[in-house]
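Have a look at the structure below, then the notes.
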Amino acid sequence: MRNVEVAWVFQELADLLELKGEEFFKIRAYKNASRILAGLEEPLEDIWKSGRLEKIPGIGRNIAAKVAEILSTGRLKKHEELLKEVPLGLLDIMSLPGIGPKKAGMIYERLGVFSLDGLARAAKEGRVRDLPGMSGKSEKEIIRYIELKKDRGGRVLLAMARDLFMELSDYIKMLPGVVRVEVGGSVRRWQETVGDIDLVAAASDPQSVFDAVATHPRVREVVEKDQSRARFQTYWGITVDLEVVPEEAFVPALFFCTGSHAHLRRLQSFLAGKGANLDPASIANVCREPLGDEREVYASIGLPYIPPELREDRGEVEAASEHRLPDLLELGDIKGDLHIHTSWSDGLCTIEQVVARARQKGYEYIAVTDHSQSLKIAKGLSLNRLKEQHHEVMSLNKKLDNFRVFTGIEVDILPKGGLDCPDNILKEVDLVVASVHSAFRQDSETMTARIISAVENKNVDIIGHLTGRLITRREGYALDLERVLEAAASCDTILEINSSPARLDLNDVNARMAKEKGLKVAINTDAHDLKRMDEMVYGVAVARRAWLETEDVVNTLSAGALVKYLKDK
DNA sequence: GCCGTTTTCGGCCCGACTGTTTTCAGTCG
């Protein structure tokens, strides 16, 4: 069992207990454990077998025993008992904005409703408004959010899909007769959410590959299967489509499978203009070399290679034909991470641990940006603690060769527009990230003015996760993005591409708009543990999808150049 | 639930906002 799967059990356990009205601290302990387990890099199986579970901070005797139970039996008795008591659908209801455990419980008790469909029906029939604390307005909101959720229809975060695809493709690569495996579709194009995973493999005997995949521990069942394709349902709720082709057909298959449909249509009409066709047979003809790559496909169309991230029909075909495709940023261009949390606030690791990991990654610098004083729940730093932390950073810097830790802060942009830290202190901080963490439901005018006031503050270097969205969970706040971008452009304020897979904020479209307005971005992880420092790759993918080049991204600068840039801007 | 001891139980948890009320419970980060 994977660590993350064990973590899911504890998250669900916590949610179920919340519905039951269990004690706050117990629930928090389970939620904490879930987060800690998901962030562990060493397989839990190894930790368990060597008797070190209880040595993990936050994992005590009880939770360690439960982890052991899950690892040895594949299930947890307490979890299964709760599932018999509390309908699982109530967790979906609880995931709607404005509905927590109390309201979900009341909906179940008073209306007998325990699914989103049932709740939507009840809301439409006007049966929700009579409940305490509810009104016609709440009914409308409920209906709206449920429809929104339906539109998203089972899509999952890219990071989860990538995790699964990598495990499966590593497995398939090892199978006898398999020459090559790649992922196509939206995963290869690094779209922020994924409907299903499309894999292409080159092998001589498709059926034996399908049979082997069917026995993989993540695979629940074979949904359908023919000569060269099979569809699998996984325990993670993601469907996997696997196409197995002969070696010589691999590259064309990957090309068509990668899409997008819109990109392929655009290529088709480009070719039609030249009296040619984009059909698989003619593409196959140009790819005789079995281990060739897609460059040959594009060359045969008369175009330079177009990276998968650009294949969205956003002008890439025209740009390619005019030889003005961007020289896309790459992960290796990133020289540091400018938004990281440590155990000083709500992160899990010390500054030293973060620095060690950053150095392993080949970074030249990081900024330690813990939360500011108002964000109590995240242990936001009082002004004194902030000062203490900055002393620690400065003395650490004296010991470090060829690496720089910037003092920093992620300062809250307060509801009325001020910052949660006095200017005279911000002025002394190397790097200031300003972000919104409260009062999300302000109207667009208020929120826009609020953020612009931070943009205009001379001490603010970067605006963190500008729109505040949480993919598949929460829409961004009401905001006049155009105005914010213009204000940022005139103040030289940097905008963040937050790499956290649930944020990706700015997104590709907004980041491209920022570039067009002459803005610089910083690609940061906002990591709260070492593992999440690896998420930089997702931010870089957003930047690539936004056509960004190294010069657009400030954390591609060397430490010295970055300091100069921040000073001069 | 975990933690840290003063080793056997008390502390951990916070404030703003929202919507529906009219004084506050529930939600959220």
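Proteins get letters first, then strands, A, B, ... in listed order; numbering begins at 1 in each.
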Spacing of [X] atom [atom1] relative to [N] atom [atom2], expressed in whole Å:
X	N	atom1	atom2	value
A:Ile59	B:dG4	CD1	P	14 Å
A:Glu23	B:dG11	CD	C1'	11 Å
A:Asp370	B:dG29	CG	P	20 Å
A:Arg35	B:dC2	CZ	P	17 Å
A:Phe10	B:dC2	CZ	C1'	13 Å
A:Tyr30	B:dC2	OH	P	7 Å
A:Leu53	B:dC3	CG	P	12 Å
A:Leu13	B:dG1	CG	P	8 Å

Open item on the list: Side chain of A:Pro415, heavy atoms from C-beta onward: which of B:dA16, B:dG1, B:dG29 has the nearest atom to it?
Closed with: B:dA16

TODO: From the options B:dG29, B:dG19, B:dC2, select the nucleotide whose nearest atom is closest to the side chain of A:Ser138.
DONE: B:dG19

Which whole number of Å gives the distance between the [atom1] atom of [N] and that of [M]?
N	M	atom1	answer
B:dC13	B:dG1	C1'	15 Å
B:dT5	B:dC12	C1'	15 Å
B:dA16	B:dG10	C1'	29 Å
B:dT7	B:dC2	C1'	16 Å
B:dG29	B:dT23	P	29 Å

Would you indicate what [X] reaches in the nucleic acid, counting non-hydrogen atoms under 4.0 angstrom: base, sugar-phosphate, or nothing?
X	answer
A:Glu22	nothing
A:Ile27	nothing
A:Arg473	nothing
A:Lys78	sugar-phosphate

What closest approach, in Å, do [X] and [Y] show between heavy atoms, and which atom pair accounts for it?
X	Y	value
A:Ser72	A:Trp48	CB-CH2, 3.7 Å
A:Ala522	A:Asn555	CA-OD1, 3.5 Å
A:Ile523	A:Ala543	CD1-CB, 3.6 Å

Does [N] have OP1 or OP2 sitting under 4.0 Å from an N or O in the side chain of [X]?
X	N	answer
A:Lys31	B:dC2	no
A:Lys137	B:dG19	yes
A:Asn32	B:dG1	no

TODO: Assess the side chains of A:Gln11 and A:Asp15: does a donor N or O sit below 3.5 Å from an acceptor N or O?
DONE: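 The criterion, which ignores hydrogens and geometry beyond distance, is satisfied for A:Asp15 and A:Gln11.
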
- [ ] Would you kindly say whether A:Asp370 and A:Thr342 are connected by a side-chain donor-acceptor distance under 3.5 Å?
- [x]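 Yes, side-chain donor-acceptor contact under 3.5 Å.
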
Open item on the list: On DNA chain B, compare the nucleotides closest to A:Arg129 and A:Gly58; which residue's is nearer the 5' end?
Closed with: A:Gly58

Open item on the list: On DNA chain B, compare the nucleotides closest to A:His437 and A:Ile63; which residue's is nearer the 5' end?
Closed with: A:Ile63

For the residue pair [X] and [Y], establish whether any side-chain heavy-atom pair is separated by less than 4.5 Å.
X	Y	answer
A:Thr448	A:Val484	yes
A:Arg450	A:Tyr477	no
A:Arg357	A:Gln360	yes

Task: Candidate list A:Lys55, A:Glu54, A:Glu42, test side chain to side chain contact (heavy atoms under 4.5 Å, CB included), partner A:Ile47, passing option - done: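 Testing A:Ile47 for a side chain to side chain contact (heavy atoms under 4.5 Å, CB included) against A:Lys55, A:Glu54, A:Glu42 leaves exactly one candidate, A:Glu42.
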
Task: Test side chain to side chain contact (heavy atoms under 4.5 Å, CB included) applied to A:Ser343 and A:Thr350, A:Asp529, A:Leu348, the passing residue - done: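 Passing option: A:Thr350.
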
- [ ] Please work out which of the three classes, parallel, tilted or perpendicular, describes the rings of A:His371 and A:His528, given edges at 30° and 60°.
- [x]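 Tilted: the ring planes of A:His528 and A:His371 meet at 30° to 60°.
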
Atom pairs, N/O to N/O, protein against nucleotides 25-27 of chain B, distance under 3.5 Å?
| residue | atom | partner | partner atom | Å |
| --- | --- | --- | --- | --- |
| B:dT27 | OP1 | A:Gly100 | N | 2.7 |
| B:dT27 | OP1 | A:Gly100 | O | 3.2 |
| B:dT27 | OP1 | A:Lys103 | N | 2.9 |
| B:dT27 | OP2 | A:Lys102 | N | 3.2 |
| B:dT27 | O5' | A:Gly100 | N | 3.4 |

Measure all distances between protein nitrogen or oxygen atoms and nitrogen or oxygen atoms of nucleotides 13-15 of chain B, and list the pairs falling under 3.5 Å.
| residue | atom | partner | partner atom | Å |
| --- | --- | --- | --- | --- |
| B:dC13 | OP1 | A:Arg28 | NH1 | 3.4 |

- [ ] Tell which nucleotide pairs with B:dT8, taking only Watson-Crick or G-U wobble pairs whose two distances are both under 3.5 angstrom.
- [x]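 No nucleotide pairs with B:dT8.
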
